[in-house]
**Q** 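I have a structure I would like to understand better, so I am pasting it below and will then ask my questions one at a time.
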Protein chains: 2
Amino acid sequence: MTSAAPRRSQEARSEDTQRRLLEATVALLLERGYTRLTTPDIARRAGLSRGALTHHFASKEDIVVRALGAQLEATTSGLRRFCDSRPAPTMNTDDVVDYLWPMMEQGLFYVTLEYLPEARNNPGFRAQLLPLVQDFHAALDAIWTRLSESYGVPPEQARVTMNATMCLIRGMIAQTVLRDDPAYFKQILDYWKGHLRTSLGARRPAERAA
Amino acid sequence: MTSAAPRRSQEARSEDTQRRLLEATVALLLERGYTRLTTPDIARRAGLSRGALTHHFASKEDIVVRALGAQLEATTSGLRRFCDSRPAPTMNTDDVVDYLWPMMEQGLFYVTLEYLPEARNNPGFRAQLLPLVQDFHAALDAIWTRLSESYGVPPEQARVTMNATMCLIRGMIAQTVLRDDPAYFKQILDYWKGHLRTSLGARRPAERAA
DNA sequence: AAAAACAAACACGCAAGCATGTTTTTCGGC
DNA sequence: GCCGAAAAACATGCTTGCGTGTTTGTTTTT
């Protein structure tokens with residue numbers, strides 16, 4: 001019993017510590033919001049001291065930006081995996097919507113709602129966020145393009161339609177904050193699914209073969 | 001030159017002061033955001049002292065809630081006027097979208113983006129906001145219902161379609177914060193206008209006469 | 001005279017940034 | 001393969017600025 005701690009390398013320690021702090025940041029962002037997010041709380045949540053945080057991250061802005069970058073990347077890679085999992089004929093447009101809605105509603109877009117106001121009013125913060133978000137949008141466009149190939153529609157059409165779908169979901173989730181009315185949102189989502197079926201998808205194999 | 005000030009009644013003074021403070025609140029909410037909104041700034045902007053503000057409003061939350069209520073009411077009454085101004089045959093669905101988009105994009109929804117996070121994380125604030133927003137949504141539904149009569153479609157269909165339109169616009173405006181790309185948003189808006197033309201409107205007089 | 005409207009000053013709490021300690025890991029020389 | 005210095009990782013305490021709520025004081029209307 002020389003030491004219970006197995007002497008980890010500094011790189012491993014550092015990486016683990018940063019990961020814990022970034023995860024705590026996203027969790028608190030979702031639970032309490034940006035204005036109530038404090039660096040002492042982040043450190044506490046990660047089981048570390050505030051000094052550890054200031055050692056790895058220059059400022060509150062810095063840790064938030066890096067936490068959001070990680071969240072956005074995890075999101076696109078998850079979506080990509082989903083779209084690859086079952087291509088064209090087995091996956092219909094309803095399935096895509098049924099993936100996107102919970103993806104956004106279970107955290108992603110509530111976190112977005114927290115940092116959008118700060119991004120709008122804090123030029124430095126916005127400048128740091130812009131490249132991350134551009135990558136995110138580019139990754140989405142790439143996924144919509146692959147979907148268009150599966151469905152046999154022009155890429156441009158799929159991109160516009162799916163980006164509109166994302167915007168619709170964003171607006172709906174924003175509304176959920178002050179409207180607790182699941183039936184209302186289900187109605188809109190069903191309406192949209194119907195629209196997507198005729199506008200994007202469900203060409204029968206015979207049609208797609210041509 | 002006994003007095004340049006013409007001895008106004010207390011009620012008139014009070015009303016004017018409150019109006020100036022509420023207008024300053026909305027303006028600053030749009031310009032600097034909720035977290036940067038301070039009561040000294042509001043008073044300064046209104047050309048009054050902080051004491052005047054605290055005299056008329058119990059707290060920062062209080063003045064914000066009342067300012068937002070005024071903004072929401074002004075919005076619905078403006079929209080109602082617009083829809084009454086030129087009913088059915090002369091007003092097409094494109095015109096409605098061309099009214100709604102600037103209405104939201106020139107301030108209303110950016111202000112919304114400022115207070116939504118606070119509403120999500122501050123139960124007291126949210127509770128005060130809920131009735132105002134319920135009235136707002138009810139007023140919108142009433143307007144959509146009148147539109148449905150003009151266009152000769154079932155009220156339910158118009159309500160779902162127009163509420164979806166509002167959600168789409170909300171989501172798009174949220175995206176504008178970190179995506180400066182007018183062509184992208186125009187493309188989506190044009191796409192949606194096309195959908196609305198076939199889905200809601202533009203039945204020819206002969207058809208509507210029946 | 002009293003009550004409302006407005007003004008100015010005070011007090012408290014909090015969170016970020018910084019600076020100064022302590023521990024753990026790394027690495028070069030022997 | 002070991003020892004000691006340097007550096008990285010982590011912890012603790014201080015300081016400063018700021019915004020809200022509150023209180024006390026002054027002017028205007030009733």
Side-chain angles (χ1 to χ4, degrees), chain A residues 2-22 24-25 28-29 32-67 114-115 117-118 121-122 124-125 128, chain B residues 1-22 24-25 28-29 32-67 114-115 118 121-122 124-125 128:
Chain A
T2 49
S3 75
R7 191 183 168 86
R8 303 156 52 203
S9 80
Q10 280 201 137
E11 193 184 343
R13 271 176 79 192
S14 174
E15 200 173 328
D16 183 57
T17 299
Q18 293 190 31
R19 190 186 46 74
R20 281 161 65 192
L21 287 168
L22 293 178
T25 301
L28 288 176
L29 217 40
R32 299 187 205 170
Y34 186 81
T35 62
R36 288 166 179 76
L37 179 73
T38 70
T39 47
D41 279 347
I42 296 173
R44 212 184 338 269
R45 173 75 160 234
L48 293 162
S49 75
R50 218 173 79 85
L53 189 151
T54 64
H55 176 72
H56 290 286
F57 302 96
S59 66
K60 181 184 168 181
E61 257 182 53
D62 184 31
I63 192 173
V64 169
V65 167
R66 290 186 47 187
E114 294 296 333
Y115 68 74
E118 184 65 14
N121 296 294
N122 180 342
F125 186 63
Q128 286 188 273
Chain B
M1 53 188 70
T2 48
S3 76
R7 190 181 168 87
R8 302 156 55 203
S9 80
Q10 279 202 143
E11 191 183 346
R13 270 176 78 191
S14 175
E15 198 173 328
D16 183 56
T17 299
Q18 292 190 31
R19 189 185 46 74
R20 282 159 65 192
L21 287 168
L22 293 177
T25 302
L28 288 175
L29 216 41
R32 299 187 206 169
Y34 186 82
T35 60
R36 289 166 179 75
L37 179 73
T38 71
T39 49
D41 279 346
I42 296 174
R44 214 183 336 268
R45 174 76 159 233
L48 293 162
S49 75
R50 217 175 79 85
L53 188 152
T54 63
H55 176 70
H56 289 287
F57 302 96
S59 66
K60 181 185 169 180
E61 258 182 52
D62 184 30
I63 191 172
V64 169
V65 167
R66 291 185 46 188
E114 293 296 331
Y115 69 75
E118 184 66 14
N121 296 295
N122 179 343
F125 186 63
Q128 288 188 271

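Just so it is clear: chains get the letters A, B, ... in the order the sequence lines come, proteins before strands, and each one is counted from 1. All values reported here derive from a predicted model rather than from experimental measurement. All values below were derived from every heavy atom in this structure, side-chain atoms included, with hydrogens, water molecules and symmetry-related copies excluded.
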**Q** Rounded to whole Å, how long is the line connecting atom CD of Glu15(B) with atom P of dA4(C)?
**A**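 Rounded to the whole Å, the gap is 17 Å.
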**Q** Would you kindly give the CD1-to-P distance between Ile42(A) and dC10(D), to the nearest whole Å?
**A**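 It works out to 16 Å between those atoms.
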**Q** Thr17(A) has a side chain; which of dC10(D), dA9(D), dA7(C) sits nearest to it?
**A**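 Ranking dC10(D), dA9(D), dA7(C) by closest atom to the Thr17(A) side chain puts dC10(D) first.
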**Q** Rounded at 0.5 Å granularity, tell me how far CD in Glu114(A) sits from CG in Leu37(A).
**A** 9.0 Å
**Q** Using whole Å, report how far CG of Asp16(B) lies from P of dA5(C).
**A**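 Asp16(B) atom CG is separated from dA5(C) atom P by 13 Å.
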**Q** Any N or O donor-acceptor pair under 3.5 Å from the base of dG19(D) to the side chain of Arg36(B)?
**A**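 Answer no: no donor N or O sits under 3.5 Å from an acceptor.
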**Q** Would you mind classifying the nucleic acid contact of Leu37(A) as base, sugar-phosphate or nothing, using non-hydrogen atoms under 4.0 angstrom?
**A**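 Since only primed, P, OP1 and OP2 atoms lie under 4.0 Å of Leu37(A), the category is sugar-phosphate.
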**Q** NA contact type, Thr54(A), heavy-atom cut-off 4.0 Å: base, sugar-phosphate, or nothing?
**A**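 Since no nucleic acid heavy atom lies under 4.0 Å of Thr54(A), the category is nothing.
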**Q** Answer whether the closest heavy-atom distance between the side chains of His55(B) and Thr17(B) falls below 4.5 Å.
**A** no
**Q** Carefully, step by step, assess Glu15(B) and His56(B) under the rule side-chain contact (heavy atoms from CB on, under 4.5 Å).
**A** CA-CA 10 Å; Glu15(B) 198 173 328; His56(B) 289 287; over 6 Å; no
**Q** Ignoring hydrogens and angles, answer whether the base of dT20(D) and the side-chain atoms of Arg50(B) contain a donor-acceptor pair closer than 3.5 Å.
**A** no
**Q** Quick check: closest heavy atoms across Leu21(B) and Leu53(B), and the distance to 0.1 Å?
**A**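 Minimum heavy-atom separation between Leu21(B) and Leu53(B): CD1-CA, 3.9 Å.
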**Q** How many whole angstroms separate atom CZ of Arg44(A) from atom C1' of dA16(C)?
**A**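 After rounding, the gap between these two atoms is 14 Å.
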**Q** Base, sugar-phosphate, or nothing for Leu48(B), non-hydrogen atoms under 4.0 angstrom?
**A**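 Sugar-phosphate: the residue Leu48(B), judged by heavy atoms under 4.0 Å, touches backbone atoms but no base.
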**Q** Please give, in whole Å, the distance from dC18(D) P to Asp41(B) CG?
**A**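 To the nearest whole Å, that distance equals 12 Å.
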**Q** Counting side-chain heavy atoms from CB outward, which of dA7(C), dG19(D), dA16(C) is closest to Thr38(B)?
**A** dG19(D)
**Q** Starting at CG of Leu53(B) and ending at P of dA5(C), how long is that distance when rounded to a whole Å?
**A** 14 Å
**Q** Report the nucleotide, chosen from dA16(C), dA5(C), dT20(D), that has the shortest atom-to-atom distance to any side-chain atom of His55(B).
**A**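 So the side chain of His55(B) is nearest to dA5(C).
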**Q** Considering only dA11(D), dG17(C), dC6(C), which nucleotide approaches the side chain of Ser49(A) most closely?
**A** dA11(D)
**Q** What's the closest nucleotide to the His56(B) side chain, out of dA5(C), dC10(D), dT20(D)?
**A** dA5(C)
**Q** What integer distance in Å separates Ile63(A):CD1 from dA15(C):P?
**A** 16 Å
**Q** Arg19(B) has an atom CZ; how far is it from atom P of dA5(C), in whole Å?
**A** 16 Å
**Q** Report the base-pairing partner of dT30(D) (Watson-Crick or G-U wobble, both distances below 3.5 angstrom), or none.
**A**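 Pair assignment: dT30(D) / dA1(C).
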**Q** Looking at every heavy atom in both Glu61(A) and Gly124(A), which two are closest together, and how far apart are they?
**A** OE1-C, 4.2 Å
